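This report concerns only the one structure given below.
Computed over heavy atoms, backbone and side chain alike; hydrogens, waters and symmetry mates excluded. For clarity, every value in this text was computed on a predicted model and none was experimentally measured.
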Amino acid sequence: MNPDNPQKFFDQKICRTEAETIAAAREFAAALPPDSTIALHGDLGAGKTTFVRGLAEAFGVDEQITSPSFNIYTIYEGRERQLIHMDAYRLPSPAATEGLMLEEFMRTPWCWAVEWAENLGDFLPADAIHISIEALGNGARLLKIVR
């Protein structure tokens with residue numbers, strides 16, 4: 001794995017269990033440069049929050065990770081990095097992102113993991129790493145870097 005380029009970690013990977021998805025996210029997190037944005041795409045229940053749990057483990061977050069559906073985002077302070085976990089599903093518009101004042105709370109090194117990232121439009125950084133997560137059935141998931 002090349003720690004300077006996490007996109008080289010996998011083009012696609014099949015995880016057969018939730019534990020494998022978490023492990024893949026932990027390994028992926030180890031390759032992320034400081035101040036990274038991960039845009040997560042996938043249907044409801046595909047495993048986006050499960051992937052974020054793996055990131056949180058890698059960053060040394062001791063809190064339980066749940067989807068921030070109603071409060072839009074949650075900030076976790078890890079031993080290795082700050083994790084900003086956002087669920088953009090309920091944002092009324094991409095412009096609503098500005099009113100959240102995320103930049104005011106980000107402390108380097110951070111990772112901004114965005115579920116339903118397509119709802120942010122142009123407010124998503126151009127260098128965001130896009131990961132598609134697809135449920136394959138029987139608990140299996142396909143993780144794919146989208147270029």
Side-chain angles (χ1 to χ4, degrees), residues 1-94 96-97 100 102 105-106 108-147:
M1 174 169 44
N2 180 353
D4 296 323
N5 190 353
Q7 292 144 315
K8 295 290 184 191
F9 175 60
F10 61 80
D11 282 328
Q12 64 180 22
K13 180 178 187 81
I14 293 178
C15 299
R16 302 202 185 290
T17 64
E18 183 173 303
E20 285 184 15
T21 302
I22 290 170
R26 277 194 321 255
E27 292 176 33
F28 186 78
L32 285 174
D35 305 344
S36 297
T37 300
I38 301 173
L40 297 166
H41 306 274
D43 291 336
L44 189 65
K48 297 179 296 293
T49 300
T50 300
F51 191 87
V52 175
R53 283 188 193 118
L55 296 173
E57 283 185 17
F59 300 148
V61 173
D62 293 327
E63 298 173 61
Q64 181 178 354
I65 305 301
T66 58
S67 182
S69 297
F70 295 101
N71 56 342
I72 310 292
Y73 68 91
T74 304
I75 298 175
Y76 300 97
E77 298 296 334
R79 290 182 303 280
E80 304 295 323
R81 182 184 304 224
Q82 183 186 59
L83 174 64
I84 300 96
H85 181 198
M86 180 177 201
D87 184 331
Y89 184 78
R90 297 188 189 285
L91 279 182
S93 71
T97 306
L100 298 174
L102 281 172
F105 302 107
M106 291 177 162
T108 202
W110 50 261
C111 175
W112 182 24
V114 184
E115 297 187 34
W116 302 99
E118 54 275 9
N119 291 349
L120 292 186
D122 292 337
F123 286 93
L124 198 64
D127 64 349
I129 301 166
H130 293 262
I131 299 176
S132 168
I133 303 177
E134 179 184 346
L136 300 176
N138 294 329
R141 296 172 173 92
L142 173 64
L143 309 178
K144 190 182 329 181
I145 300 288
V146 180
R147 301 192 198 296

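- Residues forming a side-chain contact (heavy atoms from CB on, under 4.5 Å) with I14 (at least two apart in sequence, or on another chain): R16, L136, L142.
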task: Any chance you could lay out the side chain to side chain contact (heavy atoms under 4.5 Å, CB included) test for I145 and I131, step after step, and finish with the verdict?
output: CA-CA 5 Å; I145 300 288; I131 299 176; 3.8 Å; yes
Report the C-alpha distance between T21 and I133 in whole Å, list the side-chain angles of each, state the deciding distance to 0.1 Å, and finish with yes or no for side chain to side chain contact (heavy atoms under 4.5 Å, CB included). CA-CA 10 Å; T21 302; I133 303 177; 5.7 Å; no
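- When every heavy atom of S36 is checked against every heavy atom of R81, the shortest pair comes out as OG-NH1, 4.1 Å.
- Taking 4.5 Å as the limit, some side-chain heavy atom of F28 sits within range of a side-chain heavy atom of I129.
- Applying the side chain to side chain donor-acceptor pair (under 3.5 Å) test to E57 and every residue at least two apart in sequence or in another chain returns R26.
- Distance check: I22 CD1 to L55 CG gives 10.5 Å after rounding to the nearest 0.5 Å.
- A donor-acceptor contact shorter than 3.5 Å links the side chain of D87 to the backbone of Y89.
- With sequence neighbours excluded, the residues satisfying side-chain contact (heavy atoms from CB on, under 4.5 Å) with T66 are Q64.
- A donor-acceptor pair is defined here as one N or O able to donate and one able to accept, closer than 3.5 Å; such a pair exists between the side chain of R141 and the backbone of A46.
- Considering CD of E63 and NE2 of H85, their distance stands at 13.0 Å, rounded to 0.5 Å.
- For the atom pair CG of L120 and OG1 of T37, the computed distance is 9.5 Å after rounding to the nearest 0.5 Å.
- Of all the heavy atoms in P68 and T74, the pair that sits closest is CB-OG1, 3.5 Å.
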Under 3.5 Å donor-acceptor pairs involving side-chain atoms of residues 47-54, not counting sequence neighbours:
unit_1, atom_1, unit_2, atom_2, d
K48, NZ, G42, O, 2.9
K48, NZ, D43, O, 2.9
T49, OG1, E115, OE1, 3.2
T49, OG1, E115, OE2, 2.6
R53, NE, I65, O, 3.2

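- The ring-ring contact (aromatic ring centres under 6.0 Å, His included) check on W110 picks up nothing, with sequence neighbours excluded.
- To the nearest 0.5 Å, the span separating CZ on F59 from CG on L32 amounts to 5.5 Å.
- The distance from atom CG of L40 to atom NE2 of H130, rounded to the nearest 0.5 Å, is 10.0 Å.
- Taking the side chain to side chain donor-acceptor pair (under 3.5 Å) definition, one finds that S132 meets it with nothing, sequence neighbours left out.
- With values rounded to the nearest 0.5 angstrom, N119 atom CG is found 10.0 Å from H41 atom NE2.
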